[in-house]
Enquirer: 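Pasting a structure below so you can have a look.
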Number of protein chains: 6
Amino acid sequence: MTGKFVRADGRDIDQLREVTITREWSAHAEGSALIEFGATKVLCTASVESDVPRWLRGQGRGWVTAEYAMLPRATNTRNARESIKGKVGGRTHEISRLIGRSLRAVVDLESLGENMITLDCDVLQADGGTRTAAVTGAFVALADAIEWARGEGRIRKRAEVLRDSVAAISVGVLPNGTAVLDLPYGEDSTAGTDMNVVATGSGDFVEVQGTAEGAPFNRNQLNELLDLSLIGCGRLAELQRMALAQ
Amino acid sequence: MTGKFVRADGRDIDQLREVTITREWSAHAEGSALIEFGATKVLCTASVESDVPRWLRGQGRGWVTAEYAMLPRATNTRNARESIKGKVGGRTHEISRLIGRSLRAVVDLESLGENMITLDCDVLQADGGTRTAAVTGAFVALADAIEWARGEGRIRKRAEVLRDSVAAISVGVLPNGTAVLDLPYGEDSTAGTDMNVVATGSGDFVEVQGTAEGAPFNRNQLNELLDLSLIGCGRLAELQRMALAQ
Amino acid sequence: MTGKFVRADGRDIDQLREVTITREWSAHAEGSALIEFGATKVLCTASVESDVPRWLRGQGRGWVTAEYAMLPRATNTRNARESIKGKVGGRTHEISRLIGRSLRAVVDLESLGENMITLDCDVLQADGGTRTAAVTGAFVALADAIEWARGEGRIRKRAEVLRDSVAAISVGVLPNGTAVLDLPYGEDSTAGTDMNVVATGSGDFVEVQGTAEGAPFNRNQLNELLDLSLIGCGRLAELQRMALAQ
Amino acid sequence: MTGKFVRADGRDIDQLREVTITREWSAHAEGSALIEFGATKVLCTASVESDVPRWLRGQGRGWVTAEYAMLPRATNTRNARESIKGKVGGRTHEISRLIGRSLRAVVDLESLGENMITLDCDVLQADGGTRTAAVTGAFVALADAIEWARGEGRIRKRAEVLRDSVAAISVGVLPNGTAVLDLPYGEDSTAGTDMNVVATGSGDFVEVQGTAEGAPFNRNQLNELLDLSLIGCGRLAELQRMALAQ
Amino acid sequence: MTGKFVRADGRDIDQLREVTITREWSAHAEGSALIEFGATKVLCTASVESDVPRWLRGQGRGWVTAEYAMLPRATNTRNARESIKGKVGGRTHEISRLIGRSLRAVVDLESLGENMITLDCDVLQADGGTRTAAVTGAFVALADAIEWARGEGRIRKRAEVLRDSVAAISVGVLPNGTAVLDLPYGEDSTAGTDMNVVATGSGDFVEVQGTAEGAPFNRNQLNELLDLSLIGCGRLAELQRMALAQ
Amino acid sequence: MTGKFVRADGRDIDQLREVTITREWSAHAEGSALIEFGATKVLCTASVESDVPRWLRGQGRGWVTAEYAMLPRATNTRNARESIKGKVGGRTHEISRLIGRSLRAVVDLESLGENMITLDCDVLQADGGTRTAAVTGAFVALADAIEWARGEGRIRKRAEVLRDSVAAISVGVLPNGTAVLDLPYGEDSTAGTDMNVVATGSGDFVEVQGTAEGAPFNRNQLNELLDLSLIGCGRLAELQRMALAQ
């Protein structure tokens with residue numbers, strides 16, 4: 001290839017799609033954010049309860065958990081509702097667990113006290129990267145919910161509950177071998193390797209999940225993808241800070 | 001009571017909340033509308049499939065069905081997801097069936113041909129009247145989906161698939177005995193009688209569902225409520241026409 | 001139409017089918033009634049427990065709830081059991097909720113004390129009007145169960161638990177436009193409008209559920225149906241009184 | 001023990017409770033019988049379908065199957081519905097399978113042709129012996145359904161579909177060591193050994209299911225129980241013949 | 001038949017397959033045994049918990065229960081997992097209940113104290129007789145678990161928890177009319193009558209479950225099968241004693 | 001730390017536990033292997049069916065899928081069966097999907113033809129690393145099943161179905177900061193970062209799944225873990241070759 005590679009949507013290989021974070025979208029939730037990565041739209045709400053799961057009671061510590069789901073017509077063709085199928089699919093489970101783990105990685109559960117915060121991440125429209133948008137938006141909703149709980153006196157005034165911020169992004173290798181950042185559905189569905197990286201605001205890894213969809217990948221490709229992911233997560237951390245500063 | 005009764009939100013007894021219909025909200029669905037009745041927000045998408053349920057195959061007729069659901073934090077306190085509970089609750093079933101029946105009342109299933117249209121009505125935020133907003137918004141999404149199918153040649157050019165429009169509104173009796181139109185959650189939760197009425201654009205009834213939550217109601221009260229409901233449905237039909245005319 | 005309209009089974013338009021109420025059908029239940037509306041047979045049992053649902057505990061009030069179901073071969077062709085399908089259908093849910101609400105409308109839950117009464121309404125044979133027979137029979141079983149509980153000292157001697165009686169009937173519009181009372185399956189399956197009305201012994205409404213199966217209905221038709229329904233509910237209230245007086 | 005042992009209900013040790021078989025109880029089913037063993041009442045209906053389970057298709061043979069269930073208040077205290085629990089319990093499964101196997105033991109599935117007959121055995125009231133009443137009543141319903149199918153031309157005129165009759169009875173050992181026939185709930189709940197025997201009209205065994213509830217039983221006790229069971233099944237075969245001869 | 005009948009695997013009619021009991025197979029369970037009846041392999045583990053089911057609490061008595069299951073490819077063709085189907089089949093339920101009842105027949109629940117022992121019997125490879133191998137192996141795991149609990153001081157030192165041993169075997173009638181002991185799959189699938197017998201070490205019956213798969217069986221055949229079963233159970237009791245003596 | 005760090009079980013940081021692969025463990029499956037990583041024992045069976053999932057029919061390509069499960073007492077304390085809970089947990093789903101993807105990464109689905117191979121990986125005993133043992137053992141079972149299918153003529157003689165071998169291993173960071181290979185439960189439960197790596201025989205990555213259980217990890221730690229994982233996967237590939245060569 002001679003000349004700079006141009007992606008279908010005109011972005012550079014290390015460029016995010018347009019990211020929008022609408023804080024306090026919900027009139028009811030203790031924290032909320034509607035996050036958009038291009039055409040991907042995820043509504044994240046944080047619900048605070050003064051109770052923790054049974055296995056955690058009486059230990060003075062809190063818990064943060066997440067549930068991810070897609071509206072049936074968030075995608076190009078309609079998917080049957082999991083409530084009607086009567087069971088939650090493997091993909092849904094996997095992503096819900098990923099979001100919960102990612103958030104807990106930056107939360108000091110002792111400082112949170114015996115509070116439980118549930119993050120609901122509902123994909124209203126999907127165009128690739130829904131799980132990474134969910135992690136990124138859920139962090140904003142979580143931060144607001146923690147401040148709400150502090151205001152209510154449920155968390156001690158000076159407790160440093162959040163040790164860092166956390167965000168996530170997808171990276172992948174296109175069929176022509178180019179590694180790119182933040183793949184929309186069109187790129188994602190043809191990518192040979194697909195990786196989701198969750199990183200803190202200070203640039204450390206929380207999760208690295210890389211999968212060879214077609215041919216296996218080597219160490220060099222892995223390094224290239226990790227580099228890109230840290231660029232993306234760094235930029236998202238900045239956008240989160242800006243949103244929370246408003 | 002002397003003097004005009006004033007509702008908590010300042011509306012007249014026969015006045016709707018502010019209604020907003022955002023057509024073509026979804027990038028993927030064949031028809032869609034985000035409908036707002038005050039703080040109640042319902043996303044309605046219409047999905048067209050070239051197949052009908054098994055029991056209808058080979059009869060040259062189509063089908064219209066609906067699924068209603070609420071996001072877990074659409075309400076003031078979080079509700080467990082039905083997908084996780086593994087079963088759909090009675091209320092959800094009831095409302096889904098109501099929406100489907102209401103839409104089919106104005107659709108000529110023969111003219112629709114062997115197409116199946118599924119209306120997904122997902123409540124993003126709830127403040128009373130979610131089922132009536134869903135019926136009203138779903139009609140707009142349905143109308144767009146039918147035109148899309150016509151454009152694709154799946155429905156005959158001049159087939160009159162929609163015989164009329166359809167909209168729905170709630171009416172109820174406040175504790176002081178006043179009958180009012182379009183109850184937000186605050187009024188709904190204290191109302192003695194609660195009624196949902198579905199009516200066509202030409203003012204006929206499709207569904208009348210009245211329930212005495214506290215004391216039974218008499219014939220006069222029933223008539224008063226029916227009068228109010230027709231005022232509301234008439235106004236909604238006008239708003240639907242305006243939205244579809246844009 | 002000239003001359004009096006004759007229904008398929010020879011009844012007048014405002015005439016009930018033969019109604020039989022067999023009290024104390026069950027050797028085990030605290031109250032029970034086998035009710036027949038023509039060929040429709042519903043076994044209603046009332047079970048008293050000295051416990052209330054969790055959300056009601058410690059408030060000194062009781063609860064009345066109902067579960068409706070059909071034997072698989074109650075109908076003309078066999079229906080799969082809901083226990084085997086592993087889920088309760090929308091129609092079953094809807095009717096169970098209707099019966100529970102209807103009964104609670106005439107019960108003073110404070111006077112009931114911390115007792116819970118469950119009405120099981122199992123359709124042994126179906127020929128239209130199963131939900132209305134269920135409401136009507138369940139009231140008789142409920143009245144007996146309340147007297148049993150009073151006899152056991154679980155309810156105070158002079159507590160007026162039942163404020164009124166409650167009964168239900170179906171009305172509908174036949175294809176020829178005639179409004180009729182108490183439709184058997186043959187009439188019900190062809191009726192244009194179908195309405196179920198629940199009313200108290202003193203003639204007030206508890207529920208009004210009208211549905212246009214085909215063409216929407218206008219105000220005059222609605223009024224005609226409501227008139228018929230009150231005639232039917234009045235006659236049923238009389239039969240309930242006679243059954244309970246024996 | 002000196003003198004003759006007298007059972008709580010006055011019966012001899014080898015005496016059945018009063019048995020009543022009401023044929024053609026159902027207006028809809030192709031065959032039906034309400035069978036009563038004392039206070040135990042089981043409604044048995046037979047449904048004929050012109051289709052067989054997938055694994056049997058195209059072999060020219062039919063199938064007979066059964067489903068057993070109890071109404072929630074058939075017993076002294078209310079049991080939760082299996083449809084609401086969302087799963088069928090082990091006991092229900094076990095008995096349904098027993099009934100199906102017992103009936104198939106006397107049916108020539110080749111002569112039945114590609115017809116499937118489902119026996120629904122619903123216990124309306126329980127006082128011990130529900131499974132044995134179910135087998136006995138289901139045979140009568142099955143015989144009627146086979147004659148119905150013959151009349152409809154679905155079974156060849158002279159095909160001998162039923163090779164024999166089949167009936168079932170319970171036997172058990174009371175705490176005082178006495179072996180008795182046809183135990184009502186009061187005896188059954190205290191019996192040391194509990195056995196259900198299914199036998200053909202000609203006196204051969206189809207099923208023998210004996211269980212030591214308390215102490216194990218020896219060969220002599222087993223023989224005594226088998227003797228009693230054959231007396232009971234013989235008497236039931238006679239009652240079936242009489243019912244079917246009417 | 002002249003000359004001695006020879007079975008497909010060369011055994012005598014009253015001869016068991018090779019039986020192997022590997023005690024303490026599991027590194028984690030409080031008691032365990034891998035039992036083999038020829039090619040049938042069942043892993044039995046006993047888990048001790050210091051809690052009893054709710055309905056038994058505070059009575060000073062313990063409980064013994066069992067769960068039976070098959071690996072999907074334990075059999076010749078693969079069976080779908082019950083966890084994925086979302087429900088436990090009737091056969092699984094039936095066998096689990098049989099194992100539990102059989103073990104409880106020789107356990108003094110008072111002496112066990114408020115301990116609950118769960119026997120998991122997982123079939124790793126199936127070749128007929130899995131339920132009888134499960135009962136026989138589970139007894140060995142149970143005996144070890146009881147000694148473990150005694151060592152931990154959870155059971156009184158001299159409490160005689162086990163009143164006897166218990167084992168199980170299958171017997172059946174081959175198509176040629178010969179009654180045989182311990183049927184592998186090949187014989188079982190063609191046997192006319194199939195019986196499973198559970199007996200104590202002292203030779204009394206705990207369960208007798210005989211089923212006519214084809215033609216009904218008479219009293220003589222039944223007696224022949226019972227004779228064989230007692231020979232088999234006697235031999236198994238000996239093998240259990242030897243395994244536990246090591 | 002001065003001197004070489006010694007692990008609890010005496011291994012070097014880059015040393016596998018003792019690995020045993022018992023090929024052809026099952027008498028029924030088309031391919032099977034019992035694999036042991038120390039005390040972790042996983043039974044892997046491969047089942048070949050001449051049918052593919054519906055969405056793949058008629059394309060001339062095959063499919064490979066996997067199901068992972070644990071026996072209830074594979075672990076130190078008993079876990080409830082997923083079949084009895086009625087749903088498959090998120091962890092089970094996640095691992096099943098991982099195994100399936102890992103195997104498909106080295107299979108040429110075109111060469112496989114319209115065959116479906118299901119790998120069942122059942123954990124008989126768990127001591128950390130069950131998913132990595134499952135991937136490694138499943139590959140051996142898969143290889144045997146493919147040769148079986150070739151022998152049966154279901155796969156073309158010279159079709160190169162397997163493009164490479166595939167194996168998996170866990171790596172992690174101990175609380176003292178040391179990165180180690182192949183963690184047993186004792187190390188795994190205290191590790192700060194936990195990573196599972198799936199790699200081909202030629203040393204490329206198929207999956208990289210790293211999770212910060214406590215503190216996030218940096219790029220250096222990630223590299224150290226990746227180095228270790230490739231050592232482990234290389235050694236496992238050798239053991240697979242040896243097993244398959246016997």
Side-chain angles (χ1 to χ4, degrees), chain D residues 65-68 82 85-98 100-102 104-106 108-109 163-166 173 192-223 225-227 229-230 233, chain E residues 65-68 82 85-98 100-102 104-106 108-109 163-166 173 192-223 225-227 229-230 233:
Chain D
T65 187
E67 292 183 7
Y68 166 97
E82 296 189 324
K85 289 193 285 185
K87 50 183 164 184
V88 172
R91 182 183 173 277
T92 300
H93 260 136
E94 222 170 283
I95 300 180
S96 295
R97 287 155 56 93
L98 169 68
R101 274 199 317 268
S102 299
R104 286 194 299 274
V106 297
D108 178 347
L109 296 172
R163 290 192 284 238
D164 204 334
S165 68
V166 68
V173 181
T193 295
D194 185 28
M195 190 177 318
N196 290 291
V197 173
V198 184
T200 61
S202 35
D204 286 333
F205 295 107
V206 167
E207 289 267 341
V208 172
Q209 297 199 338
T211 299
E213 300 287 345
F217 51 99
N218 59 32
R219 191 72 176 262
N220 286 342
Q221 288 171 310
L222 177 55
N223 281 330
L225 291 170
L226 291 168
D227 290 343
S229 75
L230 290 178
C233 287
Chain E
T65 187
E67 291 184 9
Y68 165 97
E82 295 189 326
K85 289 193 284 186
K87 50 182 164 185
V88 173
R91 182 183 173 277
T92 300
H93 260 136
E94 222 171 283
I95 301 180
S96 295
R97 287 156 57 94
L98 168 69
R101 275 199 317 268
S102 298
R104 286 194 299 274
V106 296
D108 178 348
L109 297 173
R163 289 192 284 238
D164 204 334
S165 68
V166 69
V173 181
T193 295
D194 184 28
M195 190 177 317
N196 291 291
V197 174
V198 184
T200 61
S202 35
D204 285 333
F205 295 107
V206 168
E207 287 268 341
V208 172
Q209 297 200 338
T211 300
E213 300 287 344
F217 51 101
N218 60 32
R219 192 70 176 264
N220 286 342
Q221 288 172 310
L222 177 55
N223 281 330
L225 291 171
L226 292 168
D227 290 343
S229 75
L230 289 178
C233 286

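Protein chains get the first letters and strands the later ones, always in sequence-line order, with residue 1 at the start of each. As the structure is a computational prediction, the values presented were derived from the model and not from experiment.
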Enquirer: At a heavy-atom separation under 4.5 Å, does D/Asn196 approach chain E through its side chain, its backbone, both, or neither?
Expert: neither

Enquirer: Side chain, backbone, both or neither: which part of E/Val106 has a heavy atom under 4.5 Å from chain D?
Expert: neither

Enquirer: If you tally heavy-atom pairs under 4.5 Å against chain E, which of D/Ser202, D/Gly89, D/Gly90, D/Ala212 wins?
Expert: D/Gly90

Enquirer: Going from CG on E/Leu98 to OG on E/Ser102, what distance comes out if it is rounded to the nearest 0.5 angstrom?
Expert: 4.0 Å

Enquirer: Count the heavy-atom pairs under 4.5 Å between each of E/Arg97, E/Gln221, E/Lys87 and chain D, then report the option with the highest count.
Expert: E/Arg97

Enquirer: Looking at CZ of D/Arg101 and OG1 of D/Thr65, how far apart are the two atoms once the value is rounded to the nearest 0.5 Å?
Expert: 11.5 Å

Enquirer: Indicate the atoms forming the closest heavy-atom contact of E/Met195 with E/Leu222, along with that distance.
Expert: CE-CD1, 3.3 Å

Enquirer: What part of D/Asn220 lies closer than 4.5 angstrom to a heavy atom of chain E: side chain, backbone, both or neither?
Expert: neither

Enquirer: Give, as side chain, backbone, both or neither, the part of E/Asn223 having an atom under 4.5 angstrom from any heavy atom of chain D.
Expert: both

Enquirer: Find the one option among D/Arg104, D/Gln209, D/Arg163 whose heavy-atom pairs under 4.5 Å with chain E are most numerous.
Expert: D/Gln209

Enquirer: Looking at E/Gly201 and E/Asp164, what are the two nearest heavy atoms and their distance?
Expert: N-OD1, 3.2 Å

Enquirer: For E/Asp227, is it the side chain, the backbone, both, or neither that has a heavy atom closer than 4.5 Å to a heavy atom of chain D?
Expert: both

Enquirer: Taking all non-hydrogen atoms of both residues, which atom of D/Thr193 and which atom of D/Ala215 are closest, and how far apart?
Expert: OG1-O, 4.2 Å

Enquirer: Distance from D/Phe205 atom CZ to E/Arg219 atom CZ, nearest 0.5 Å?
Expert: 5.0 Å

Enquirer: As an exercise: rank E/Val198, E/Asn218, E/Val206 by heavy-atom pairs under 4.5 Å with chain D and give me the winner.
Expert: E/Val206

Enquirer: Is it the side chain or the backbone of D/Thr211 that comes within 4.5 Å of chain E heavy atoms, both, or neither?
Expert: both

Enquirer: What's the shortest heavy-atom distance between E/Ala199 and E/Leu230, and which atoms?
Expert: CB-CD2, 4.2 Å

